[in-house]
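Take a look at the structure set out below.
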Amino acid sequence: MKFSNTLIYWYLQNNRDLPWRKSKNPYFIWLSEIMLQQTRVAQGLAYYLKFTTTFPTVFDLAKADESTVLKMWQGLGYYSRARNLHFSAKQISNELNGIFPSTYEEIIKLKGIGDYTASAISSICFNEPTAVVDGNVYRVLSRYFGLNTPTNSTSGIKEFKTLAQTLIDISQPGTYNQALMDFGALHCKPQNPLCETCPFSDSCVAFEKKLTKELPVKEKKIKVRKRYFNFLVIKTEIIKQF
DNA sequence: CAATCGTGGCG
DNA sequence: TCGCCAAGATT
């Protein structure tokens, strides 16, 4: 069976019921994608609900003060996301008549949106076959194909993006992309992946060669840390009495 | 292009 | 307690 078909079959049975999946409104998908950058679903969920309630449309978000937006973002981290989100909301509201751009090429021009987010929005909302590559995708593909190219290297980024693009189901790219990420998050987990009940266990290279724990490979970056040591030298004077 | 940006969960 | 990581983007 084709990779994408197996994946989507798994997804239809195991996908998470998340609020942003009820909609294809690019404004909502955009909000969710920005919030979930480097952030777990469990952490971002409450913020997504708060934002969509307070700002039901891009106009409402654009009208708000930046300080208000930042306060609502408080606790989520990476605050430049909130500033870029607000900046782009104003741009969409004022210059694009509130209409979200509908192609990858146009979407990626927005501040705060890079390759991943542009691919996610264009595939989910506009059915454009643009493959997403996030941490989940690196892990699943590196294991399934047994690839040890460091995922944080320049060549690795290109290699995985190209590979993901060849695997995409062009008839339902949004579903395929979300399936791949959900599969990575729930099944092909970083630690203790569920290989025993995996639909890919007959074709996964890492499983066959017992390399699951070794993949994906990340180039180690040396973290310089300063350590300060204080020494207390104790001298005792021994007085010899005789 | 390597460093940086936050927070919380996990072993 | 510590290092690693989690739906990345920017400079």
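Chain letters run A, B, ... following the sequence lines, proteins first and then strands; every chain starts at 1.
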Report summary line: Here the distance between atom C1' of B:dG8 and atom CD of A:Q74, to the nearest Å, is 16 Å
Query raised in the report: Between A:T54 and A:F51, is there a donor-acceptor pair closer than 3.5 Å when you use the side chain of the first and the backbone of the second?
Result: no
Query raised in the report: Is there a side-chain polar atom (N or O) of A:T117 under 4.0 Å from OP1 or OP2 of C:dA9?
Result: yes
Query - Which atom of A:A164 lies closest to which atom of A:V137, heavy atoms considered - result: CB-CG1, 4.4 Å
Query raised in the report: Which residue, A:N192 or A:R81, contacts DNA chain B at a nucleotide closer to its 5' end, judged by nearest heavy atom?
Result: A:R81
Report summary line: Regarding the side chain of A:E33, the nearest nucleotide among C:dA6, C:dA7, C:dA9 is C:dA7
Report summary line: DNA chain C nearest-nucleotide lookup for A:I113 and A:W20: closer to the 5′ end is A:W20
Report task. Assign A:R83 to base, sugar-phosphate, or nothing according to its heavy-atom contacts below 4.0 angstrom with the strands shown. Result -> nothing
Report task. Could you work out the separation of C:dT1 and B:dG8 based on their C1' atoms and round it to a whole Å? Result -> 15 Å
Query raised in the report: Quantified in whole Å, what is the P atom distance between nucleotide B:dA3 and nucleotide C:dC4?
Result: 14 Å
Requested in this report: In whole angstrom, give me the gap between the C1' atoms of B:dG6 and C:dC5.
Outcome: 13 Å
Query - Polar pair under 3.5 Å, donor/acceptor by atom type, side chain A:Y78, base B:dG6 - result: yes
Query - For atom CG of A:L141 and atom P of C:dA7, their distance in whole Å - result: 13 Å
Query raised in the report: For A:I124, which contact category applies under a 4.0 Å heavy-atom criterion: base, sugar-phosphate, or nothing?
Result: nothing
Requested in this report: Using whole Å, report how far CZ of A:F183 lies from C1' of C:dA7.
Outcome: 17 Å
Report summary line: From the list A:F59, A:F28, A:W30, ring-ring contact (aromatic ring centres under 6.0 Å, His included) with A:F100 holds only for A:W30
Query - Donor + acceptor pair across side chains of A:E33, A:Y116 (<3.5 Å) - result: yes
Query raised in the report: Is any side-chain N or O of A:R139 closer than 4.0 Å to OP1 or OP2 of C:dA6?
Result: yes
Report summary line: note: A:I157, atom CD1; B:dC1, atom P; distance rounded to Å ~ 9 Å
Report task. Select from A:Q191 and A:G77 the residue whose nearest nucleotide in DNA chain B is closer to the 5' end of that strand. Result -> A:G77
Query raised in the report: Is it the case that A:S203 and A:Y144 place a side-chain donor and acceptor less than 3.5 Å from each other?
Result: yes
Report summary line: The dot-bracket string of DNA chain B, counting Watson-Crick and G-U wobble pairs with both distances under 3.5 Å, using [ ] for crossing pairs and | for pairs to another strand, is .||||.|||||
Query raised in the report: Counting just side-chain N and O atoms, does A:T154 come under 4.0 Å of either OP1 or OP2 of B:dC1?
Result: yes
Report summary line: Taken to the nearest whole Å, CG/A:N152 to P/B:dA3 is 11 Å
Query - Whole-Å P distance, B:dT4 and C:dA7 - result: 23 Å
Report task. Tell me yes or no: between the side chains of A:E128 and A:T103, is some donor less than 3.5 Å from an acceptor? Result -> no
Query - Interatomic distance where CD belongs to A:Q38 and P belongs to B:dA3 [whole Å] - result: 16 Å
Query - A:F126 vs A:Y104, ring pair (Phe, Tyr, Trp, His ring centres under 6.0 Å): CA-CA, chis, key distance, verdict - result: CA-CA 9 Å; A:F126 304 106; A:Y104 173 92; over 10 Å; no
Requested in this report: Could you check how far CG of A:L85 sits from C1' of C:dT10, rounded to whole Å?
Outcome: 16 Å
Report summary line: Nearest-nucleotide check on DNA chain C, A:Q43 vs A:L110; residue mapping nearer the 5' end is A:Q43
Query raised in the report: Given C:dG8, C:dA6, C:dT10, which nucleotide is nearest the side-chain atoms of A:K111?
Result: C:dT10
Query raised in the report: What integer distance in Å separates A:K218:NZ from C:dG3:C1'?
Result: 12 Å
Requested in this report: Indicate, with a heavy-atom threshold strictly under 4.0 Å, whether A:G75 touches base, sugar-phosphate, or nothing.
Outcome: sugar-phosphate
Query raised in the report: Is the shortest heavy-atom distance from the side chain of A:T197 to the side chain of A:H187 under 4.5 Å?
Result: yes
Query raised in the report: How about A:W73 and A:Y78: are their ring centres within less than 6.0 Å of each other?
Result: no
Query raised in the report: Contact class for A:D182 (heavy atom, under 4.0 Å): base, sugar-phosphate, or nothing?
Result: base
Report summary line: Ranking C:dA7, B:dG9, C:dT10 by distance to the side chain of A:R40, first place goes to B:dG9
